[in-house]
Amino acid sequence: MLVFENVSLKPYNTFGVDVSADRLLELRTGGEVDSFLASGFDAGSCLILGSGANILFTGDFHGTVARIATKGIREISRQDGRVLLEVAAGEVWDDFVRHCVAQGYYGVENLALIPAQVGGAVVQNIGAYGCEVKDVVSSVRAVCLKSGEERSFSREECGFGYRTSLFKRHRGEYMVRSVLFSLSLEPLFHTEYGDVAERLRQRGGTTISSVYEVVSEIRREKLPDVKVLGSAGSFFRNPVVPDGKWQELHAAFPQLKGFPEGDGVKLSAAQLIDSLGWKGYRCGDAGVHVRQALVLVNYGRATGGEILQLACDIRDSVEQRYGMRLEEEVIII
Ligand SMILES: Cc1cc2nc3c(=O)[nH]c(=O)nc-3n(C[C@H](O)[C@H](O)[C@H](O)COP(=O)(O)OP(=O)(O)OC[C@H]3O[C@@H](n4cnc5c(N)ncnc54)[C@H](O)[C@@H]3O)c2cc1C
């Protein structure tokens, strides 16, 4: 296990915010995870970290950061046209996706290039281009950090919802150790989202590799490369409002787009923010991405506090105009 004291977390969060942690542990094997769990650590002052792509640190972290760096993809079985894979929580999400694409395992190609580790991807129920990780999760192996109990959670028990799960709702309570994925051995494509189908047509066909490439191409065009420009992807969740509120909003602002979601209507947070002129806004080194109003960025030396202040200003302006409060998708620490 690698142990660092008083270490900068700048390389460990995609916003690139420079804060320090009292202690950082890198847990690279199942044995190191076991040793950590048996070490009598204080669960109340411990943060489990994946790739730090959904976190905004607003100050130094006074406690222990346990970074999951376990690796491994193991085939468990093949049955009824599906393959079951056990994947360590510390696997880089896109490495796993590329493995599936290379092997011809269908179901995660639309989730290409999302910065995450497998554990973090499940906690957040990542989604893109009409697919969510919950669609391919069979079960999740996790440890309760308070009781030390380790068990498998069925897909139903994981309580997945829009960008959330049981593990996110009970933040700090569980450590995800591994995930069982069930992937199709038969082609099963979802290409109806955005201009995916049109780009595939231009390429002359739909294969698992071409879907991966097209989604990657669109993402590279639209989203910042976190190696160049710090961000955590979408800062706010798309709000879901009751039908009555949607009717009211649509009457007052006919240009707003709404999509049916459960009992209500989902709005585009990006559209709401963009309509108020925030896209491309910059204050010091904190800003709103020039092509994506939902993505806040760090041009270099912004502090977590400055990025959070910008987020609050955006949220207040949306609330003033549209009478609804945006919720953060990013975890503020
Ligand atoms: C450029 C960019 C584009 C993005 N695009 C998308 C997108 O298209 N769709 C989407 O859904 N998201 C997107 N995101 C957001 C991000 O990729 C996801 O939120 C992802 O799930 C973060 O995973 P992570 O491993 O980095 O988690 P972290 O940021 O490290 O952690 C997030 C939370 O999960 C917890 N956690 C992490 N690992 C574990 C574990 N093993 N056990 C228990 N808890 C754990 C942490 O404690 C924290 O509370 C994007 C982010 C960026 C920077």
Side-chain angles (χ1 to χ4, degrees), residues 9 11-17 27 33 36-37 43 46-57 61 63-70 87-97 108 110-134 140-145 150 153 158 160-179 193-194 215-216 218-238 270 289 291-292 294-298 328-333:
L9 293 177
Y12 300 99
N13 72 98
T14 58
F15 257 126
V17 167
L27 309 176
V33 172
F36 165 69
L37 292 170
C46 172
L47 172 71
I48 307 294
L49 190 66
S51 65
N54 199 35
I55 283 185
L56 177 63
F57 288 105
F61 188 79
T64 298
V65 174
R67 184 163 185 275
I68 311 295
T70 49
V87 186
E91 277 288 347
V92 172
W93 174 257
D94 194 55
D95 289 352
F96 168 58
V97 174
V108 284
N110 287 37
L111 303 177
L113 230 55
I114 298 182
Q117 288 184 351
V118 163
V122 165
V123 170
Q124 172 75 359
N125 183 25
I126 56 168
Y129 298 94
C131 293
E132 287 182 310
V133 80
K134 74 169 173 52
V140 172
R141 188 139 199 96
V143 188
C144 173
L145 295 176
E150 177 170 334
F153 292 75
C158 290
F160 289 121
Y162 163 56
R163 300 296 170 274
T164 194
S165 68
L166 166 90
F167 311 108
K168 184 166 177 183
R169 283 191 287 272
H170 293 260
R171 185 152 66 84
E173 240 177 82
Y174 294 99
M175 177 199 279
V176 172
R177 291 195 70 161
S178 62
V179 182
Y193 201 96
V215 170
S216 301
I218 299 173
R219 291 184 68 91
R220 285 199 187 93
E221 285 169 19
K222 284 194 176 164
L223 289 163
D225 176 351
V226 291
K227 291 193 195 97
V228 180
L229 190 59
S231 93
S234 303
F235 198 92
F236 297 102
R237 294 155 59 87
N238 288 320
H289 192 248
R291 290 191 300 275
Q292 244 305 340
L294 200 46
V295 175
L296 303 195
V297 293
N298 177 5
E328 292 103 13
E329 184 169 313
V330 170
I331 291 162
I332 316 284
I333 293 186

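Order of appearance sets the numbers: ligands from 1, and atoms from 1 within every ligand.
Looking at Val122 and Phe160, their side chains come closer than 4.5 Å, going by heavy atoms from C-beta outward. Two residues are said to be in side-chain contact when any heavy atoms from C-beta on lie closer than 4.5 Å; Leu27 and Met175 meet this criterion. You'll find the side chain of Leu37 reaches within 4.5 Å of the side chain of Arg177, heavy atoms only. The side-chain heavy atoms of Lys168 and Ile331, taken from C-beta on, include a pair separated by under 4.5 Å. Side-chain contact between Ile55 and Tyr12 is absent, with no heavy atoms from C-beta onward closer than 4.5 Å. In this structure the side chain of Asn54 never reaches within 4.5 angstrom of the side chain of Arg163, judged on heavy atoms.
Residues Leu111 and Val97 share a closest heavy-atom pair of O-CG2, 4.0 Å. The minimum heavy-atom distance linking Arg219 with Leu113 is given by the pair NE-O, 3.9 Å.
Side chain of Asn110 to backbone of Tyr129: a donor-acceptor contact under 3.5 angstrom is found. For Arg291 (side chain) and Glu221 (main-chain N/O), a donor-acceptor pair under 3.5 Å exists by modelled atom type. Under a 3.5 Å cut-off, the side chain of Ser231 and the backbone N or O of Gly233 do form a donor-acceptor pair. The backbone N or O of Tyr162 lies less than 3.5 Å from a partner atom in the side chain of Arg237, making a donor-acceptor pair. Under the 3.5 Å distance criterion, the side-chain polar atoms of Arg169 are left unmatched by any main-chain donor or acceptor of Thr164. A donor-acceptor pair is defined here as one N or O able to donate and one able to accept, closer than 3.5 Å; such a pair exists between the side chain of Gln117 and the backbone of Ile68.
At least one N or O atom of Gly50, backbone or side chain, sits closer than 3.5 Å to an N or O atom of ligand 1. Considering backbone and side-chain N/O atoms, Gln117 comes within less than 3.5 Å of an N/O atom of ligand 1. Between Arg163 and ligand 1, at least one pair of N/O atoms sits closer than 3.5 Å. Distances between N or O atoms of Ile48 and those of ligand 1 include at least one value under 3.5 Å. Considering backbone and side-chain atoms together, Thr14 places no N or O closer than 3.5 Å to any N or O of ligand 1. Backbone and side-chain nitrogen or oxygen atoms of Ile68 are examined, and none is located within less than 3.5 angstrom of a nitrogen or oxygen of ligand 1. For a threshold of 3.5 Å applied to N or O pairs, the pair formed by Val176 and ligand 1 contains at least one separation below that value. Of the N or O atoms in Ile114, none lie within a sub-3.5 Å distance of an N or O in ligand 1. No N or O atom of Ala232 sits closer than 3.5 Å to an N or O atom of ligand 1. Not one N or O of Val226 is nearer than 3.5 Å to an N or O of ligand 1, by distance alone.
Close contacts of ligand 1 with Ser51, meaning ligand atoms under 4.0 Å from a residue heavy atom, involve 24 (P), 25 (O), 26 (O), 30 (O). Remark: ligand 1 atoms within the under-4.0 Å shell around heavy atoms of Ile331 are 33 (C), 48 (C), 49 (O). For ligand 1, the atoms lying closer than 4.0 Å to a non-hydrogen atom of Ala121 are 21 (O). Interface of Met175 with ligand 1, defined as ligand atoms under 4.0 Å from a residue heavy atom, comprises 42 (N), 43 (C). Counting the atoms of ligand 1 from 1 in the order shown, those under 4.0 Å from a heavy atom of Gly52 are 26 (O), 28 (P), 29 (O), 30 (O). Residue Ser231 has at least one heavy-atom neighbour below 4.0 Å for each of these atoms of ligand 1: 1 (C), 53 (C). Taking every non-hydrogen atom of Leu49 and a distance limit under 4.0 Å, the qualifying atoms of ligand 1 come out as 30 (O). Atoms of ligand 1 found under 4.0 Å from any heavy atom of Ala116 (numbered from 1 in listed order, with element): 20 (C), 22 (C), 23 (O), 24 (P), 25 (O), 26 (O).
In this structure, Arg219 is part of the shell of residues with a heavy atom less than 4.0 angstrom from ligand 1. The shortest separation from a heavy atom of Tyr174 to ligand 1 is under 4.0 Å, placing the residue in contact.
With values rounded to the nearest 0.5 angstrom, Phe235 atom CZ is found 4.0 Å from Ile332 atom CD1. Atoms CG and CG, from Leu9 and Leu49 in turn, are 7.5 Å apart once rounded to the nearest 0.5 Å.
The nearest heavy-atom contact from the protein to atom 17 (O) of ligand 1 is Pro115 O, 2.5 Å. Ala53 O, 3.8 Å is the protein heavy atom nearest to atom 15 (C) of ligand 1. Annotation: atom 31 (O) of ligand 1 to nearest protein heavy atom, Ile55 CD1, 3.9 Å. For atom 52 (C) of ligand 1, the closest non-hydrogen atom of the protein is Gly233 N, 3.3 Å. Among all protein heavy atoms, the one lying closest to atom 45 (C) of ligand 1 is Val123 CG2, 3.7 Å. Distance from atom 21 (O) of ligand 1 to its nearest protein heavy atom, with residue and atom name: Gly120 O, 3.0 Å.
Under 4.0 angstrom from ligand 1, there are no non-hydrogen atoms of Lys168.
Of all the listed residues (Gly230, Gly119, Gly127), Gly127 holds the heavy atom that lies closest to atom 11 (O) of ligand 1.
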